[in-house]
Amino acid sequence: MEKLNELGGKHGIGRVDMVENRFVGMKSRGVYETPGGAILFTAHRKIESLTMDREVMHLRDGLIPKYASLVYNGFWFAPERLAIQALVTESQKNVTGTVRLKLYKGNVIAAGVKSPVSLYNPHIATMEADPTQAYDQGDAKGFIRLNALRLRVQAGVRENANK
């Protein structure tokens, strides 16, 4: 962390100037510097993008504001914080690998990511392979029709209501 703070600081990474909403109701201004934390956060998000299931990531991300609020307001030992922590901990079990980053003028730029438990499979995620062996673009038509069904029903109801 000390090395990342040193490197990140040289590149102007991780400085935040913000107005916060305190638990007691007032607003306060804070200037924070956490270059190492900003670098680690970016690297971690990159490896998660390769190793975490989309829906688990969305669920976790939806809980982040509540988790942050609990910690910020001093509720570290609250049962709801512990419950969210259990989900976060479970979500991280396969988050492992290597991330290469470039630091430049306040930016943390991903230059490469790999993992032994990557969910990305180039043999499946291709439009050029035999559709029986990989992704079949024809499947998308039925999938889109099914997912749009509720929208078509709503549009029909609104159309009939406006007559």
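Because the structure is a prediction, the values reported are computed rather than measured.
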What's the shortest heavy-atom distance between [X] and [Y], and which atoms?
X      : Y      : answer
Asp53  : Glu55  : OD2-N, 3.0 Å
Pro35  : Gly9   : CB-N, 3.6 Å
Arg152 : Arg145 : NH1-O, 3.4 Å
Lys163 : Glu159 : CG-O, 3.3 Å
Leu82  : Trp76  : CD2-O, 4.4 Å
Leu7   : His11  : O-CD2, 3.0 Å

Ignoring hydrogens and geometry, is there a side-chain-to-backbone donor-acceptor pair from [X] to [Y] under 3.5 Å?
X      : Y      : answer
Arg15  : Glu33  : no
Ser118 : Ser115 : no
Asn107 : Tyr104 : yes

So with a 6.0 Å cut-off around CD of Gln154, is the heavy-atom count from everything else above 12?
yes

Can you check whether [X] reaches [Y] side chain to side chain, under 4.5 Å on heavy atoms?
X      : Y      : result
Thr96  : Thr51  : no
Gln85  : Tyr67  : yes
Ile109 : Leu101 : no
Asp17  : Arg29  : yes
Glu20  : Tyr32  : yes
Val31  : Val16  : no
Leu40  : Leu4   : yes

Quick one: [atom1] on [X] to [atom2] on [Y], what's the gap to the nearest 0.5 Å?
X     : Y      : atom1 : atom2 : value
Ile39 : Asn5   : CD1   : CG    : 7.5 Å
Ser91 : Leu59  : OG    : CG    : 8.5 Å
Arg81 : Ser69  : CZ    : OG    : 13.0 Å
Thr98 : Lys114 : OG1   : NZ    : 5.5 Å
Phe77 : Leu70  : CZ    : CG    : 13.0 Å

Path from [X] to [Y] over hydrophobic side-chain contacts below 4.5 Å:
X      : Y     : answer
Ile84  : Met52 : no
Leu103 : Phe41 : no
Val88  : Val71 : yes

With salt bridge (charged side-chain N to carboxylate O under 4.0 Å, His left out) as the test, would you mind laying out the steps for Asp61 and Arg54 before giving the verdict?
CA-CA 10 Å; Asp61 288 350; Arg54 175 187 70 194; over 6 Å; no

Between Val95 and Gln92, does a side-chain contact (heavy atoms from CB on, under 4.5 Å) hold up when you go through it step by step?
CA-CA 5 Å; Val95 178; Gln92 299 299 299; 3.7 Å; yes

Go through the steps to decide whether Arg60 and Glu48 satisfy the test salt bridge (charged side-chain N to carboxylate O under 4.0 Å, His left out), and finish with yes or no.
CA-CA 11 Å; Arg60 190 274 320 271; Glu48 282 182 333; 2.7 Å; yes

Verify whether the ring centers belonging to Phe23 and Phe75 lie closer than 6.0 Å.
yes

Assess the residue pair Leu50 and Leu119 against the criterion (side-chain contact (heavy atoms from CB on, under 4.5 Å)); give the C-alpha distance rounded to whole Å, side-chain angles, the decisive distance to 0.1 Å, and a yes or no.
CA-CA 6 Å; Leu50 195 61; Leu119 297 178; over 6 Å; no

